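Reading through the structure tokens given below for one structure.
We use all heavy atoms of the structure for the numbers below, so side chains are in, but hydrogens, waters and symmetry mates are not. On a predicted model such as this, the values are computed, not experimentally measured, just so you know. Residue numbering restarts at 1 for every chain, and letters A, B, ... go by the order of the sequence lines.
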Amino acid sequence: MNKEVRVRFAPSPTGALHIGGVRTALYNYLFARKMGGKFLLRIEDTDQNRFVPGAEEYIKESLNWLGIAPDESPWNPGDCGPYRQSERKPMYMQYAMDLIEKGHAYYAFDTPDELDAMRERLTAARVVSPQYNSITRTQMKNSLTLPEDEVKERLASGEPYVIRVKIPRKEEVRLNDMIRGWVLVHSNSLDDKVLMKSDGMPTYHLANIVDDHLMKITHVIRGEEWLPSAPLHVLLYKYFGWEDTMPQFAHLPLLLKPDGNGKLSKRDAEKHGFPIFPLDWSDPNTGDIVAGFREAGYLPDAFLNFLSFLGWNPGDHRELFTLEELVEAFSVERIGKSGTKFDINKAKWFNEQYLRAKTDEELAAYLIADVEKEGLTVEASKAAQIAHVVKERATFPADLWKEGRFMLIAPSQFDQDIASKKWNTDTETVLGTYREKLLQFSGEFTPENAKSLLEAASEENGIKLGKIMQAIRLAVTGVGAGPELMPVFNIIGKEELIKRISFALETLKVNS
RNA sequence: GGUCGAUUCGUCUAGGGGUUAGGACGUAUCCCUUUCACGGAUAAAACACGGGUUCGAUUCCCGUAUCGACUACCA
């Protein structure tokens, strides 16, 4: 039995794709690639009320950004289309009817009010979990309790109805989860879930079984929130007679809040000031705006690497993986069982690693873009030099310009704190001499030359360079800390250096 | 409440009947550096609790606690 592995990611287009969803997609992708199989995307849009325009595109763009685009999807369909459940609508009813004919499902005519009343009644009677099940259905309006003629009449008259699965009263349902092992559930804790809604759409439960079967899905890798309904799904496979091809299940641990309890949510992003969505997203219905990792400056490879380690590890001490290496190293056996708290520091660390691995030229491209956004220009070779000098201090591409802007823009003011502590007559003297030497210097202005001239200037005045170094930095850059100074002098050039020294000498006054 | 699941440093985790319980992020200290950062080194830091089983349990079993998911004509 070496069937081709086929897995699917099945989000519903109800808003921005949550980072947990992205991880689910990633694990599906990794598994598919590892097994030489296919990764499909199916849009689960059976709830028309929750449809959000743009959400599908958001999903597509997110996966593209990360380089984990599906092999089959609404945009590049394979043989199992359509890939949107709304477009598969005509397919589902026959399967629901099949279940009715086999006695595993039935029509129900209860109105929402009647369902509420039932729940209230049960709650009042102190029934622990009020549900539509093998006991309560005997008191409701459905094809199990109503005379056959009346059922036909109601159906014929166009009265709204749903189709519910008929869960047996006593049956042990077992499923072998790839991550959790055997999970046993008794059917008496399950309820008669709606399979077909009154609007003619299937619910998730029906649609996902039918579609997974029709799309020849071999492994269902999804979030742990689905674990409680997995037994129902197993039952449905059995009722359809599809047990032989039932996919294997793997329920992924949840992504948790950084500070303790609960599932990671949009609120956490706001509270802690970091993104939990892949891309920026502005909800057309609510006007909510959420920040994305992409726009925050996370590199796709770094983000992917970070994400892959949220609940999985390769079993050795390696941490940096390309997508290809992740595919090679991945296995569901090494996915953990327990929920994972989200630590943005780790994400930043990954980003730094990937940023530093880039060449100066690659980094220069980011820098140039940011420079031009401010209406300035910089030649490529200089941008590369700047990038080289600041790359070690950057977490995000935007930091390159933040850390390096002083090299293109001369300081107009100086850090007062440093000035009052470090600026003194010794500095003024040495800087004066240094300026003279620079003026007279006609060779190639290298970092080495910049340094030897400065050393000569301090020696001539009998002043220790070390004591005034920070003041010199202040004079040229405006601040007290930054990258190594001599390469900076070299980058800004001799003329600019002289100008800056002059300006500092005029502006900064010795504190008396 | 019920069902199901989970529980190793602050966080992500390795490990597994006998270990100095390993690594990474973060934190602290030192070194490097004429600053900051990077880098290097070092340190503090964990098996939720209680019973079994066993010569021996963090590891296996059972409870308890805690946390979480689910409990819709949402997915």
Between the protein and nucleotides 13-15 of chain B, are there any N/O to N/O pairs under 3.5 Å, and if so, what are the atom names and distances?
residue : atom : partner : partner atom : Å
B/U13   : OP1  : A/G311  : N            : 3.0
B/U13   : OP1  : A/T340  : OG1          : 2.8
B/U13   : O3'  : A/N313  : ND2          : 2.8
B/A14   : OP1  : A/N313  : ND2          : 2.9
B/A14   : O3'  : A/R334  : NH2          : 3.3
B/G15   : OP1  : A/R334  : NH1          : 3.4
B/G15   : OP1  : A/R334  : NH2          : 3.3

Provide a list of protein-nucleic acid N or O atom pairs under 3.5 angstrom, restricted to nucleotides 41-46 of chain B.
none

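Listed by chain and residue number, A/N133, A/R169 satisfy the side-chain contact (heavy atoms from CB on, under 4.5 Å) test with A/I135 (two or more places apart in sequence, or in another chain). Take A/H104 and apply the ring pair (Phe, Tyr, Trp, His ring centres under 6.0 Å) test, not counting sequence neighbours, and it matches A/Y239. With sequence neighbours left out, A/D316 forms a side-chain contact (heavy atoms from CB on, under 4.5 Å) with A/P314, A/R318. For A/D426, the side-chain contact (heavy atoms from CB on, under 4.5 Å) partners at least two apart in sequence or on another chain are A/N424, A/I463, A/I468. Considering only residues two or more places apart in sequence or on other chains, A/W349 meets the ring pair (Phe, Tyr, Trp, His ring centres under 6.0 Å) condition with none of them. The side-chain hydrogen bond (donor to acceptor under 3.5 Å, both in side chains) test applied to A/Y92 returns A/D211, not counting sequence neighbours. Applying the ring pair (Phe, Tyr, Trp, His ring centres under 6.0 Å) test to A/F51 and every residue at least two apart in sequence or in another chain returns nothing.
For the segment residues 186-198 of chain A, residues with any heavy atom less than 4.0 angstrom from an atom of RNA chain B are, sorted by number, A/S189, A/V194, A/K197, A/S198. RNA chain B lies under 4.0 Å from at least one heavy atom of each of the following residues of residues 479-487 of chain A: A/G480, A/A481, A/G482, A/P483, A/E484. Residues from residues 159-166 of chain A lying near RNA chain B, meaning a heavy-atom separation below 4.0 Å, are A/V162, A/R164 in numerical order.
Between A/Q131 and A/K337, it is A/K337 whose nearest contact on RNA chain B lies nearer the 5' terminus.
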